[in-house]
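Just so it is clear, the model here is predicted, and its values are computed rather than measured. Chain A is the first sequence line, chain B the second, and so forth, proteins listed ahead of strands; every chain is numbered from 1.
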Amino acid sequence: MPELPEVETFKRFVGCHALGKKICKVQVLHAKILEGVPAERFIAAIEGCCLSGTLRRGKHLFVALEPVNARQKGVAKPWLYLHFGMTGYLSYTEQGKTMVNAYGDSSRPDAHVRVRFCFEDDSYLDFHEQRLFGKAGLVDNPQDYLENRHLGPDALTVERQPFIESLQSRKGQIKPVLLNQSMVAGIGNVYADEMLFQCRIHPERRVAELTEADLQCLYAQMVDVLQNTVDVGSDRAQLPPYYLIHVREKKGRCPRDKTLLTVKTIGGRTTYFCPVCQH
DNA sequence: TTTCATGTTCAGCA
DNA sequence: GTGCTGAACATGAA
């Protein structure tokens, strides 16, 4: 479920708990999570480094590695790359106490740890990913990596006009366009539904049919919805009561008019919307 | 036992 | 090249 706000929360989590710490050991508990790098090389590249910075675009997180010992100094280090797939999250454990993001699952702490980064002070950072759709890897240059994947600008930093122009350059239904990471990076299924609900736009509307007001609203709500979620540390329960997210379930009712929500597959993804107030 | 899930990528077709 | 559909990936919950 991690979309942009959750990954931003993970980024801050790393910044808060792990930045500046030296990694003395890396454990790869499930090699399938690694993307394009053998476990030995992944481990060798990271052990002995400090985590020295973080970078995020859309749902992609990069952590800068800085060599600590003299032999490695001056050598260009790759970045640690993390993608959280559908079920990924981080936890940090110090003196037997485990901290998990609001978003994470603390009921079965070790069940899906795929990579563990151990620090010199005996604390450690765990990358959890139940379904193995996520990825961990090494990237020489995050910009090139994102470019090669045709990733669009980040949804929280893209400016209004470029966003609207990019939207208008696409054809088809609005919802699949919002989910297209090459248009804007970071919007996932849940927040796409939320933006459309807040703007009262039907998810199957063609982009070409949207009015100027619709486009302006989408930009404003994209920023609002994502920023509001970041601001509550991705604890969705704290989002405003009029958000669709609280009733985004079978038999859920529209927060505005209490109409039974429609559930429909649009662009291959389960979509919730109010058949009365979204059109 | 079967269906479904919040992400991404790719094949195939128009 | 774009748009659209469906499948695949792996796991567990309902």
Side-chain angles (χ1 to χ4, degrees), chain A residues 1-10 29-36 56-61 81-90 101-105 107-115 127-137 139 145-146 148-152 154-155 165-197 203-209 225-226 229-230 234-237 239 243-252 261 263-273:
Chain A
M1 309 180 212
E3 302 183 23
L4 184 152
E6 287 77 20
V7 180
E8 177 62 25
T9 299
F10 300 152
L29 296 140
H30 202 315
K32 180 136 189 134
I33 202 82
L34 296 182
E35 180 182 62
R56 181 192 60 73
R57 178 156 1 146
K59 306 169 193 172
H60 303 257
L61 181 62
Y81 166 68
L82 296 174
H83 191 285
F84 296 87
M86 277 167 68
T87 54
Y89 64 96
L90 299 172
N101 294 99
Y103 177 72
D105 172 12
S107 60
R108 299 173 60 200
D110 289 338
H112 308 294
V113 176
R114 305 311 187 190
V115 185
F127 175 42
H128 306 250
E129 227 294 73
Q130 178 196 108
R131 251 167 251 173
L132 297 170
F133 283 8
K135 292 288 168 216
V139 166
Y145 182 86
L146 297 169
N148 291 338
R149 302 186 150 226
H150 305 113
L151 212 72
D154 186 76
E165 282 167 18
S166 181
L167 249 187
Q168 287 178 312
S169 73
R170 309 280 169 159
K171 292 180 179 163
Q173 299 170 324
I174 180 62
K175 165 134 183 191
V177 167
L178 291 175
L179 291 177
N180 186 335
Q181 301 296 299
S182 65
M183 203 275 292
V184 160
I187 301 171
N189 201 23
V190 170
Y191 297 118
D193 281 2
E194 189 67 55
M195 291 166 57
L196 291 165
F197 176 73
E204 290 175 303
R205 279 270 292 287
R206 317 293 297 187
V207 173
E209 296 167 0
V225 166
L226 299 178
T229 310
V230 169
S234 299
D235 180 359
R236 297 174 177 188
L239 288 168
Y243 269 25
L244 182 75
I245 198 165
H246 304 296
V247 291
R248 200 178 173 286
E249 59 199 16
K250 278 207 174 69
K251 296 186 181 167
L261 298 177
V263 188
K264 186 174 183 184
T265 299
I266 299 172
R269 315 306 305 281
T270 306
T271 303
Y272 290 78
F273 64 95

Which one, [options], comes nearest to the side chain of [X]?
X: L132(A); options: dG12(C), dA10(C), dC4(C); value: dA10(C)
X: M86(A); options: dT11(C), dC4(C), dG7(B); value: dG7(B)
X: K59(A); options: dT8(B), dA5(B), dT11(C); value: dT8(B)

Taking OP1 and OP2 of [N], is either one under 4.0 Å from a side-chain nitrogen or oxygen of [X]?
X: K32(A); N: dA10(C); value: yes
X: R131(A); N: dT8(B); value: no
X: H83(A); N: dT8(B); value: yes
X: R170(A); N: dT2(C); value: no

Could you state the interatomic distance from CD (E249(A)) to CG (L244(A)), rounded to the nearest 0.5 Å?
->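 One gets 10.0 Å once the value is rounded to the nearest 0.5 Å.
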How long is the gap from CG on L146(A) to OG on S182(A), to the nearest 0.5 Å?
->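 One gets 12.5 Å once the value is rounded to the nearest 0.5 Å.
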Using the side chain to side chain donor-acceptor pair (under 3.5 Å) rule, pick out the option among K264(A), K175(A), R248(A) that qualifies with T271(A).
->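 When K264(A), K175(A), R248(A) are each tested with T271(A), the side chain to side chain donor-acceptor pair (under 3.5 Å) holds only for K175(A).
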Hey, can you tell me if F84(A) and F10(A) have their rings parallel, tilted or perpendicular (30° and 60° cut-offs)?
->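 Taking F10(A) first and then F84(A), their aromatic rings sit tilted (interplane angle of 30° to 60°).
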Specify whether H60(A) and H83(A) have parallel, tilted or perpendicular ring planes, treating 30° as the upper limit for parallel and 60° as the lower limit for perpendicular.
->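 Perpendicular.
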Measure [atom1]/[X] against [atom2]/[N] and give the value in whole Å, please.
X: K171(A); N: dG3(C); atom1: NZ; atom2: C1'; value: 9 Å
X: N148(A); N: dT8(B); atom1: CG; atom2: C1'; value: 16 Å
X: L179(A); N: dA5(B); atom1: CG; atom2: P; value: 14 Å
X: N180(A); N: dG1(C); atom1: CG; atom2: P; value: 14 Å
X: H150(A); N: dG1(C); atom1: NE2; atom2: C1'; value: 12 Å
X: E3(A); N: dG7(B); atom1: CD; atom2: P; value: 5 Å
X: Q181(A); N: dT2(C); atom1: CD; atom2: P; value: 16 Å
X: Q130(A); N: dC9(C); atom1: CD; atom2: P; value: 17 Å

Answer with base, sugar-phosphate or nothing: what part of the nucleic acid does [X] contact at a heavy-atom distance below 4.0 Å?
X: E6(A); answer: nothing
X: G268(A); answer: nothing
X: T87(A); answer: nothing

Across all strands shown, which nucleotide pairs with dA13(C) by Watson-Crick or G-U wobble geometry, both distances under 3.5 Å?
->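 dT3(B) is the nucleotide pairing with dA13(C).
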Using the six-membered ring for Trp and the full ring for Phe, Tyr or His, decide whether F133(A) stacks on the six-membered base ring of dT8(B) (centres under 5.5 Å, planes under 30°).
->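 So no, this residue does not stack on that base, at least one cut-off failing.
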When you measure from the side chain of R114(A) to the backbone N and O of E129(A), does any donor-acceptor pair fall under 3.5 Å?
->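 A pair under 3.5 Å: yes.
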Could you pull out the protein-nucleic contacts involving nucleotides 9-14 of chain B (nitrogen or oxygen on both sides, under 3.5 Å)?
| from | atom 1 | to | atom 2 | distance (Å) |
| --- | --- | --- | --- | --- |
| dT9(B) | OP1 | R149(A) | NH1 | 2.8 |

Minimal non-hydrogen separation, L167(A) against V177(A), with atom names =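 Closest approach of L167(A) to V177(A), heavy atoms only: CD2-CG1, 3.6 Å.
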Which pair of heavy atoms, one from V230(A) and one from P5(A), lies closest together, and at what distance?
->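 Scanning both residues, the minimum pair turns out to be CG2-CA, 3.7 Å.
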